[in-house]
Every structure is written in C-alpha cells, then in structure tokens.
Protein chains: 2
Amino acid sequence: MLSKKSKYALKAMMVLAKEYGQGPVLISDLAQREDIPRKFLELILLELKNQGLLQSKKGKGGGYFLGRDPQLISVGHIVRVLDGPIAPLPCVSKMAYMRCRECRDERTCAIRFVMKEVRDATAKIMDSTSLADMLRQVETVVNGKEPLSFAI
Amino acid sequence: MLSKKSKYALKAMMVLAKEYGQGPVLISDLAQREDIPRKFLELILLELKNQGLLQSKKGKGGGYFLGRDPQLISVGHIVRVLDGPIAPLPCVSKMAYMRCRECRDERTCAIRFVMKEVRDATAKIMDSTSLADMLRQVETVVNGKEPLSFAI
DNA sequence: AAAGATCGGGACTGACTCAGTCAAGAGCCT
DNA sequence: AGGCTCTTGACTGAGTCAGTCCCGATCTTT
C-alpha cells in the first residue's frame, strides 16, 4: 500500500516537473495547489532533497525545484525514498535484501518465488515510468487522444 | 508489504495443500512445522475458515483442512483475506474501490494510472498462482529440473 | 545592517496497526 | 464423563502513520 507520504511526494513532484526550468516553487504553493498539509509536505520535500531528487533555495524568491530533468526521475525512485523498498518481502528485495530468519531453504521457497515475480513486475513498471512520462500521459488524456480505457 | 499474517497463512496453507485428502492437521503441528506462534496461527486459520478457504473439525482427531482442491485456491485469495485489497491505492482497487477525497479528476490522474498498472500486474500474478502451482514449483526445484535462475 | 521571506530541524502527539498473549468456553469423540 | 480440539473475547506492548508546533538558520532586498 502506497503511503500518503509517497502519494503527496508524487503529486508535488509532478507540479515541479511541470514547472521545471522556471525557477523555484514555494512549499506553500505546492501545499495549496495539491491540498497537502503544509508542514507535512516540508518533511517530504526535505527527504527528497536529501536523496538528491530536489534542490532548494532559501530567502525571497526561493523554494524547491527538481534536481534534474523530469525524464531522469522515476516513480520508483520517489516511492523508494519515502516508503523504502518496493519488494513485498525483504528476501526478494534487490535494494534491501534480508534473509527470512525462519527460512529453511530459500531456493525451494515457493512464497519467495511468487513474491519475487510481484516485485519484479512492480519495479519494472515504477522504474520505467518517469515524471516526464506521467506529464505526457496527462496531456494525452486531456487532449482526448486516449480511449480512457481504464476509467471506471 | 506482505504482513506476517499473510506469510504465515501461505505457509500453513502450503502444508495443508500437501496433506490434502489425508484428514485434518492440528494447529500445533502446523505451528511447529512452520515455526509460527501457535496462538497467532489460530487467529489466522480462523479468518481463513470464516472466508471459506478452510474447514475444521473439533475434538480428538480434529484439526484444519482445505475447504477445496489446492488447484482452486489462489495466493491472491489468501492474501486478500488476511491483508485486504492488493491495490496500492484504494482508487485503483477492484474489490474495495474508494475515490480519493482530494482527487479533482480521476481520468487525468497520472499517479492513479501508474498504480493501476501495478495493481493489475500484481493481481494477475497472485490470482493465477494456486497452492497446487506452488507445490509443483517446489517439486521441480527439489528435483533439480530447474535452472534456479532466481537464486541469489 | 536590518527586515522579511524562506527553508530546516527537533520534539511531540493521537490514532491506529502489527504481532502477538491469556483465559475461558464450546463442540466432539471414546 | 473426560480429554482433546477448535473458538471467542479481551488485552497488550511496540511501532508506524500522519501530522502539528515552535524555534532556528539562511538568503535576498533595501
């Protein structure tokens, strides 16, 4: 389950991606535009900055802005910064592998095998989708070029 | 992230699948064989029974056993009983859909689109893998017919 | 140098969930 | 009747989630 932290982070990053190259954006602006509790958002942006995804500038005319091109920032990276590993079990995580204490034999653990498939599928989707991809996605739908296949 | 509940449930169900058709298995046996806290396991098996995946028999010679053929019980079903919906966001869940309170327009929400892909991929894997499949998987690996491609 | 705008950091909180434990009860078999 | 099972309900301690509050630290502009 995606935490609110990650969801807020993705929303804020989307705004910053749209505004990329046009100077810093205020925390307050982001908070207001996306309806995110301001102080909580500060926390989130800070973490993203500490992991190098964002940069900030203090004082008047300051704010936050993307550390690099929206094409080079993936959903997977953002989610991992806020929520930690994507894998449903530590024993199938690539970034934070940890053996199951009670596992007799990892090679023959069927649960592990299924969860590894899940991890790989999830990671593939999240790591291959960039902020730029998402912006493009929104554009296409807005312009009515998409059949809206997944709308409920 | 898969909870311990789900993990324990899958382990216990695997044992019961292997023992399918050979009478009930004691909670204590399951707990001991898979190294699961006994009282906690009781809770888990009860939930699985209430959802119809298991049946039980009281008194001497009693215990738990699968409610139907291992081929007809999927990993997805088990996980959903213990952990709830698989979807990373309620707004992309098929079983427990819930609108995002602050979402202006679901059709143009890129986050939702990505998470829907994740949900679908995960559900596809989990729902198409049965207990019988997992047992077969273990067999094949044990007999050395598998290249162990995913071993670390 | 001072004012005002901005991000930064720490401590704190209330509600909730996770991972159990404990005690007593209810049904079944011999 | 008596013992073997599952069943139920209450309880708990630790940890996480989703914030809030207050006080700094820096930067820009005047």
Side-chain angles (χ1 to χ4, degrees), chain A residues 1-12 16 19 23-32 34-67 79 81-85 88-90 100-102, chain B residues 1-12 16 19 23-32 34-67 79 81-85 88-90 100-102:
Chain A
M1 183 72 123
L2 206 71
S3 71
K4 294 216 175 186
K5 257 189 182 171
S6 281
K7 202 170 105 180
Y8 291 160
L10 289 170
K11 286 188 173 225
L16 292 174
E19 231 79 332
V25 180
L26 295 181
I27 294 187
S28 332
D29 276 15
L30 288 170
Q32 206 162 16
E34 296 300 326
D35 196 22
I36 302 170
R38 196 222 143 115
K39 279 310 203 172
F40 194 39
L41 182 57
E42 284 186 21
L43 231 81
I44 294 165
L45 296 179
L46 200 57
E47 282 190 76
L48 288 165
K49 183 194 158 188
N50 290 339
Q51 300 307 314
L53 297 188
L54 286 181
Q55 293 180 19
S56 67
K57 206 181 148 192
K58 291 184 182 179
K60 190 162 191 175
Y64 273 100
F65 49 99
L66 292 194
V79 170
V81 167
L82 281 314
D83 282 358
L89 287 178
C100 287
R101 191 186 47 73
E102 84 287 9
Chain B
M1 183 71 122
L2 206 70
S3 71
K4 295 217 175 187
K5 258 189 180 169
S6 280
K7 202 170 104 180
Y8 291 161
L10 289 169
K11 287 189 171 224
L16 293 173
E19 231 79 334
V25 180
L26 295 181
I27 295 185
S28 333
D29 276 14
L30 289 170
Q32 205 162 18
E34 296 299 327
D35 196 21
I36 302 171
R38 194 222 143 114
K39 281 309 206 170
F40 194 38
L41 182 57
E42 285 185 19
L43 231 82
I44 293 165
L45 297 179
L46 201 55
E47 282 191 77
L48 288 165
K49 184 196 156 184
N50 290 338
Q51 300 307 314
L53 298 188
L54 285 181
Q55 292 181 20
S56 67
K57 207 181 146 189
K58 292 182 182 178
K60 190 161 192 180
Y64 274 100
F65 49 99
L66 291 193
V79 170
V81 166
L82 281 313
D83 282 358
L89 287 178
C100 287
R101 191 186 47 73
E102 83 287 10

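Given the structure is predicted, the values throughout are model-derived calculations rather than measurements. By convention in this document, chain letters (A, B, ...) are assigned in the order of the sequence lines, proteins followed by strands, and residues within each chain are numbered from 1.
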Working to the nearest 0.5 angstrom, can you tell me the gap between [X] [atom1] and [Y] [atom2]?
X        : Y        : atom1 : atom2 : answer
Leu53(A) : Leu45(A) : CG    : CG    : 11.0 Å
Met1(B)  : Leu89(A) : CE    : CG    : 7.0 Å
Lys7(A)  : Ile36(A) : NZ    : CD1   : 9.5 Å
Tyr64(A) : Asp29(A) : OH    : CG    : 14.0 Å
Leu48(A) : Leu54(A) : CG    : CG    : 5.0 Å

Write down the distance between [atom1] ([X]) and [atom2] ([N]), rounded to a whole number of angstrom.
X        : N       : atom1 : atom2 : answer
Asp35(B) : dG20(C) : CG    : C1'   : 14 Å
Ile44(B) : dT21(C) : CD1   : C1'   : 14 Å
Gln32(A) : dT6(C)  : CD    : P     : 13 Å
Glu47(A) : dG10(C) : CD    : P     : 13 Å
Asp29(A) : dC7(C)  : CG    : P     : 9 Å
Leu43(A) : dC7(C)  : CG    : P     : 14 Å
Leu41(B) : dG20(C) : CG    : C1'   : 12 Å
Lys7(B)  : dA19(C) : NZ    : C1'   : 13 Å

> Mapping Gly62(B) and Arg38(A) onto DNA chain D by nearest heavy atom, which one lands closer to the 5' end?
Replying inline: Gly62(B)
On a heavy-atom basis, which atom in [X] and which in [Y] lie closest, and how many Å separate them?
X        : Y        : value
Leu2(B)  : Leu10(B) : CD2-CD1, 4.2 Å
Leu41(B) : Ala31(B) : CD2-N, 3.6 Å
Pro24(A) : Gly61(A) : CG-O, 3.5 Å
Leu16(A) : Phe65(A) : CD2-CA, 4.4 Å
Gly62(B) : Leu26(B) : O-CD2, 3.5 Å
Leu82(A) : Glu47(A) : CD1-OE2, 3.8 Å

> Could you run down nucleotides 12-18 of chain C 5' to 3' and tag each one B, S or - for protein heavy-atom contact under 4.0 Å?
Replying inline: -------
>> One thing to verify: whether Lys11(A) and Glu102(B) come together as a salt bridge, which I'm taking to mean a side-chain N less than 4.0 angstrom from a carboxylate O.
In response: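 Looking at Glu102(B) and Lys11(A), the cut-off is met.
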>> Mind checking if Leu45(A) touches a base, just sugar-phosphate, or nothing, with heavy atoms under 4.0 Å?
In response: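 No contact.
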> Hey, does the side chain of Ser28(A) come within less than 4.0 Å of dT6(C)'s phosphate (OP1/OP2), counting only N and O?
Replying inline: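 Answer no for this pair, as no side-chain N or O of Ser28(A) is under 4.0 Å from OP1 or OP2.
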> Can you check whether Tyr8(B) has a side-chain N or O nearer than 4.0 Å to OP1 or OP2 of dG20(C)?
Replying inline: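 Yes, within the criterion.
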>> What range of DNA chain D does chain B touch, first nucleotide to last, counting atoms under 4.0 Å from its heavy atoms?
In response: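 Contacts span dC4(D) to dT8(D), reading 5' to 3'.
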Grab the N/O contacts between the protein and nucleotides 28-30 of chain C below 3.5 Å, and write none if there aren't any.
none

